[in-house]
*Asks:* 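Dropping the structure in here first, questions after.
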Amino acid sequence: MKMKSSLVLSILLILSMLLSACSGSGKEASGGSSGDSKEGGSLIYARGADAIGLDPINVTDGESIRVTSNIFETLFVYDENLEVQPGLAESHKVSDDGLTWTISLKKGIKFQDGTDFNAEAVVFNFDRWMDPENPYHNGDFPYYPFLYGGFKGDPNHKIEYVKAVDESTVEFKLTEKTAPFISYLAIPMFGIASPAAIEKHGDKFYQNPVGTGPFVFDSWKTNDKIVLKKNENYAGEGPYLDELIFRVIPENSARLTALQAGEVDIIDGLNPDDATTIEADSNLSLVKRPSFNIGYMVLNTQMAPFDDVKVRQAVNMAIDKQAIVDAFYNGYAEVAKNPFPSVLWGYNDSIEDYKFNVEEAKKLLAEAGYPDGFKTQLWAMSNPRPYMPQPMKVAEAIQSDLKKVGIEAEIVTYEWATYLQKSGNGEHPMGLYGWTGVMADPDNFLFPNLSATNTEKPASNRAFYKNEEFTKLLQDARVTFDQDERAKLYQEAQEIFHKDAPWVTLAHTTPPIAMASYVQGFTAHPMEDDDFTKVYLTN
């Protein structure tokens, strides 16, 4: 009996030790590294929605770019201080007339399929992007036309040619001065892809991406997860991780539960109130992403009654923005009054925001011919966004505020890809939306979202705002190299925007990101272009 009892106790002790080892922070579920080595492991990043596609030139949403920026690299990049640095390029120079840009490329870099990165590969990508007749020009390529004035053949197209001078030198000849040209080349949508892979996969390249980046695409189960593997032949430093997985968990609270259970390692799109819970948990840590965004409500200026500026101004006055920020952002946002954040040069701080004033809003509605208000729809995205962590609650608060001035707004929602598609086609009267900058230049916030040139459907200007004076100021700023002069043009443009009120500017957020305490080396990039090459897992 003693021997049996001793044996039972020994077995129980061993089981207890095994259970203890398995019940730690959850790292093992993700394949964490062991010992003192930084190498190895699998990291799971959980977010609220799936990517739309993995061909960077064909997407504008952050969920897609978060993945593609780890597969592809650009000629230039923005560092954590929003300064432009060399990427695949080594250096650049511009001619005295500001029209010819010569880019020197880094040597010895290969695409993930083993083919060479060189000047011809850069030319191949630009030919594909800019020429609608190119056999590999599959998709809308939305960022190209509103940066470069249309595609090849368009009278406003700004690129005369792109040519390979030699194996590591590319020459760009522009038709007009373009002050932020190098910044354009740093936008993650212009990731350089393998020509061989594009030729192989054609219009399915978005499901088979191949770049030069630190991680190689492995698999994609729609609305579940995207799996990337370490690029063993990466030319840069790192990565330490063997695997990087982007997993979709639509509900904020469910993502937090998964993090606490050790099922995932990093989450975004938190309920603001959850930050307190995370800070109190020694197994978790909290990181604030520096604010470089704008959350807003668009008013479709081409749809009655929002084609009347008095109605748009009345809506701005009817919404208590401070109360919304206080209620639904838990200190992780500030009220917005302009269409881009104050950290960016050119911000016009002299503008006075519309004051919350129910009676004045009613007065303006009466002057516009709506003394009893009207019925409309308010579109709200179904999933959290960095600039709007609780979109449905924000929509409900706006709905309540509008009701006080006689506007009855029915809340309408769709899943994210459909929401983008339908709002791009102008089917919404009002809609919640937002923008995280991908370039530290006012042009990136203003031109895509508010220029009259970007109202052609599917439009990135979802207010369908057409003010020619405003658009001309943006265009003039693009051909002005003096930053002080450019800043004055943008400040004047913001005054016009304020008067015309095509948006209700809501908030600039510092989105909180939660992660397990064993995740090290992660830095939240202001543009969401997070670098996972330095991330590693500890014991």
Side-chain angles (χ1 to χ4, degrees), residues 146 294-319 321 335-342 344 346-357 360-370 374 376 378-379 398 401-402 405 407 409 423-424 426 428-435 442-457 459-478 486-508:
F146 64 63
I294 170 73
Y296 55 91
M297 182 173 75
V298 294
L299 306 174
N300 191 334
T301 62
Q302 302 303 307
M303 183 183 292
F306 302 108
D307 54 349
D308 189 322
V309 66
K310 288 187 176 181
V311 171
R312 300 197 299 269
Q313 290 173 342
V315 170
N316 269 271
M317 293 178 182
I319 296 171
K321 298 193 293 188
V335 170
K337 67 177 181 178
N338 288 328
F340 61 84
S342 59
L344 194 54
Y347 183 84
N348 191 338
D349 200 27
S350 65
I351 288 174
E352 290 189 22
D353 198 8
Y354 289 97
K355 289 183 170 59
F356 173 55
N357 191 323
E360 187 63 26
K362 287 181 178 179
K363 179 181 176 183
L364 280 175
L365 287 174
E367 291 176 6
Y370 301 96
F374 53 85
T376 187
L378 167 56
W379 288 27
I398 291 173
D401 282 346
L402 292 178
V405 299
I407 300 174
S423 61
H428 59 296
M430 300 187 294
L432 296 182
Y433 209 71
W435 189 261
D443 180 85
N444 178 240
F445 281 85
L446 300 179
F447 205 87
N449 299 314
L450 290 161
S451 167
T453 61
N454 291 318
T455 55
E456 183 177 342
K457 299 174 183 178
S460 57
N461 178 348
R462 285 174 166 81
F464 292 86
Y465 173 56
K466 298 178 181 180
N467 183 305
E468 296 304 326
E469 181 185 2
F470 175 90
T471 297
K472 186 177 186 305
L473 288 167
L474 304 190
Q475 291 171 330
D476 288 348
R478 283 184 157 191
R486 293 186 72 208
K488 291 177 183 176
L489 294 170
Y490 288 130
Q491 287 166 354
E492 187 177 345
Q494 287 166 80
E495 291 173 3
I496 296 172
F497 166 87
H498 176 74
K499 180 186 68 176
D500 286 350
W503 295 358
V504 177
T505 55
L506 293 172
H508 305 294

*Asks:* Mind checking what makes side chain to side chain donor-acceptor pair (under 3.5 Å) contact with Lys472, not counting sequence neighbours?
*Replies:*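 Expected list: Asp476.
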*Asks:* I need the Ser342 OG to Asn348 CG distance, nearest 0.5 Å.
*Replies:*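 Here the rounded value is 12.0 Å.
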*Asks:* Could you pull out all residues at least two apart from Tyr354 that satisfy ring pair (Phe, Tyr, Trp, His ring centres under 6.0 Å)?
*Replies:*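 With sequence neighbours excluded, Tyr354 shows a ring pair (Phe, Tyr, Trp, His ring centres under 6.0 Å) to His498, given in chain and number order.
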*Asks:* For Gln491 versus Gly346, what's the shortest heavy-atom pair and its separation?
*Replies:*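 Minimum heavy-atom separation between Gln491 and Gly346: CG-O, 3.3 Å.
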*Asks:* Output yes when a side-chain donor or acceptor of Trp503 lies under 3.5 Å from a complementary backbone atom of Tyr433, and no otherwise.
*Replies:*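 No: the side chain of Trp503 does not pair with the backbone of Tyr433.
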*Asks:* With Asn338, which residues qualify under side chain to side chain donor-acceptor pair (under 3.5 Å), at least two apart?
*Replies:*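 Applying side chain to side chain donor-acceptor pair (under 3.5 Å) to Asn338 gives Gln494.
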*Asks:* I'd like to check Pro339 versus Ile294 (side-chain heavy atoms, cut-off strictly below 4.5 Å). Are they in contact?
*Replies:*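 A side-chain contact is absent here, since even the closest heavy-atom pair is not under 4.5 Å.
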*Asks:* Hey, what do you get for CD (Glu468) to CG (Leu473), rounding to the nearest 0.5 Å?
*Replies:*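 Reported value, rounded in 0.5 Å steps: 11.5 Å.
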*Asks:* Lys337: which residues meet the salt bridge (Lys or Arg N to Asp or Glu O under 4.0 Å) condition with it, sequence neighbours left out?
*Replies:*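 Asp349.
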*Asks:* With sequence neighbours left out, what residues match Thr455 under side chain to side chain donor-acceptor pair (under 3.5 Å)?
*Replies:*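 Partners of Thr455 by the side chain to side chain donor-acceptor pair (under 3.5 Å) criterion come out as none, since no residue qualifies.
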*Asks:* Can you list everything that forms a salt bridge (Lys or Arg N to Asp or Glu O under 4.0 Å) with Asp401? Sequence neighbours excluded, please.
*Replies:*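 Here the qualifying residues are Lys404.
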*Asks:* Please determine whether side chain to side chain contact (heavy atoms under 4.5 Å, CB included) holds for the pair Ile398 and Val504, giving the CA-CA distance in whole Å, both sets of side-chain angles, and the decisive distance to 0.1 Å.
*Replies:* CA-CA 11 Å; Ile398 291 173; Val504 177; over 6 Å; no
*Asks:* Which class fits the ring pair Phe497 and Phe470: parallel under 30°, tilted 30 to 60°, perpendicular over 60°?
*Replies:*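 Tilted: the ring planes of Phe497 and Phe470 meet at 30° to 60°.
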*Asks:* Testing the basics here: between Ala409 and Leu378, what is the closest heavy-atom pair and its distance to 0.1 Å?
*Replies:*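 Shortest heavy-atom separation between Ala409 and Leu378 comes out as CB-CB, 4.1 Å.
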*Asks:* Going by the side-chain hydrogen bond (donor to acceptor under 3.5 Å, both in side chains) test, which pairs reach into residues 294-313, not counting sequence neighbours?
*Replies:*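 Of all non-adjacent pairs touching residues 294-313, those that pass side-chain hydrogen bond (donor to acceptor under 3.5 Å, both in side chains) are Lys310-Glu367.
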*Asks:* Is the shortest heavy-atom distance from the side chain of Val315 to the side chain of Met297 under 4.5 Å?
*Replies:*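 The answer is yes; the side chains approach within 4.5 Å.
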*Asks:* State, with a plain yes or no, whether a side-chain heavy atom of Thr453 is found less than 4.5 Å away from one of Leu474.
*Replies:*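 No, side chains not in contact.
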*Asks:* Is the closest side-chain heavy-atom distance between Leu344 and Asn444 below 4.5 Å?
*Replies:*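 No, every pair of side-chain atoms sits at 4.5 Å or beyond.
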*Asks:* Where is the tightest heavy-atom contact between Asp353 and Ala336, given as atom of each residue plus distance?
*Replies:*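 Minimum heavy-atom contact is OD2-O, 3.6 Å.
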*Asks:* What residues form a salt bridge (Lys or Arg N to Asp or Glu O under 4.0 Å) with Lys499, not counting sequence neighbours?
*Replies:*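 Partners of Lys499 under the salt bridge (Lys or Arg N to Asp or Glu O under 4.0 Å) test: none.
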*Asks:* Tell me every residue that passes ring pair (Phe, Tyr, Trp, His ring centres under 6.0 Å) with His428, counting only those two or more places apart in sequence or in another chain.
*Replies:*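 For His428, the residues satisfying ring pair (Phe, Tyr, Trp, His ring centres under 6.0 Å) (neighbours in sequence not counted) are Trp379.
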*Asks:* Side-chain contact test, heavy atoms from C-beta onward, threshold under 4.5 Å: evaluate it for Lys363 versus Met317 and give yes or no.
*Replies:*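 SC-SC contact between Lys363 and Met317 ruled out.
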*Asks:* Taking ring pair (Phe, Tyr, Trp, His ring centres under 6.0 Å) as the test, write out the residues that go with Phe464, two or more places apart.
*Replies:*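 Counting only residues at least two positions away or on another chain, Phe464 forms no ring pair (Phe, Tyr, Trp, His ring centres under 6.0 Å).
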*Asks:* Name all residues meeting the side chain to side chain donor-acceptor pair (under 3.5 Å) criterion together with Asn357; count only those two or more places apart in sequence or in a different chain, and write none if there are none.
*Replies:*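 By the side chain to side chain donor-acceptor pair (under 3.5 Å) rule, Asn357 matches no residue at all.
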*Asks:* Closest approach of Asn461 and Asn449, non-hydrogen atoms and distance?
*Replies:*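 Minimum heavy-atom contact is OD1-O, 3.1 Å.
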*Asks:* Please evaluate residues Ile407 and Tyr370 with respect to the criterion side chain to side chain contact (heavy atoms under 4.5 Å, CB included), reporting the C-alpha separation (whole Å), side-chain torsions for both, the decisive distance (0.1 Å), and the verdict.
*Replies:* CA-CA 9 Å; Ile407 300 174; Tyr370 301 96; over 6 Å; no
*Asks:* Show the nearest heavy-atom pair for residues Arg462 and Ser423, with the distance to one decimal.
*Replies:*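 So the minimum-distance heavy-atom pair works out to NE-OG, 2.8 Å.
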*Asks:* Any side-chain heavy atom of Val311 within less than 4.5 Å of one from Leu299?
*Replies:*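 Val311 vs Leu299: side chains apart.
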*Asks:* Under 3.5 Å, side chain of Lys321 to main-chain N/O of Ala507, donor-acceptor pair present?
*Replies:*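 No, Lys321 side chain to Ala507 backbone: no donor-acceptor pair under 3.5 Å.
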*Asks:* Start with the C-alpha distance between Thr376 and Leu402, add both sets of side-chain angles, then the distance that settles side chain to side chain contact (heavy atoms under 4.5 Å, CB included), and finish with yes or no.
*Replies:* CA-CA 10 Å; Thr376 187; Leu402 292 178; 5.7 Å; no
*Asks:* Between Ala318 and Phe356, what is the shortest heavy-atom contact and its length?
*Replies:*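 Reported closest heavy-atom pair: O-CE1, 3.3 Å.
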*Asks:* Excluding sequence neighbours, so at least two apart, what forms salt bridge (Lys or Arg N to Asp or Glu O under 4.0 Å) with Glu352?
*Replies:*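 Only Lys355 meet the salt bridge (Lys or Arg N to Asp or Glu O under 4.0 Å) criterion with Glu352.
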*Asks:* May I ask you to decide if the ring planes of Phe340 and Phe445 are parallel, tilted or perpendicular, using 30° and 60° as cut-offs?
*Replies:*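 Phe340 and Phe445: tilted rings.
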*Asks:* Ignoring hydrogens and angles, tell me if any N or O in the side chain of Asp443 forms a donor-acceptor pair with the backbone of Phe447 under 3.5 Å.
*Replies:*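 Judged by distance alone, no pair lies under 3.5 Å.
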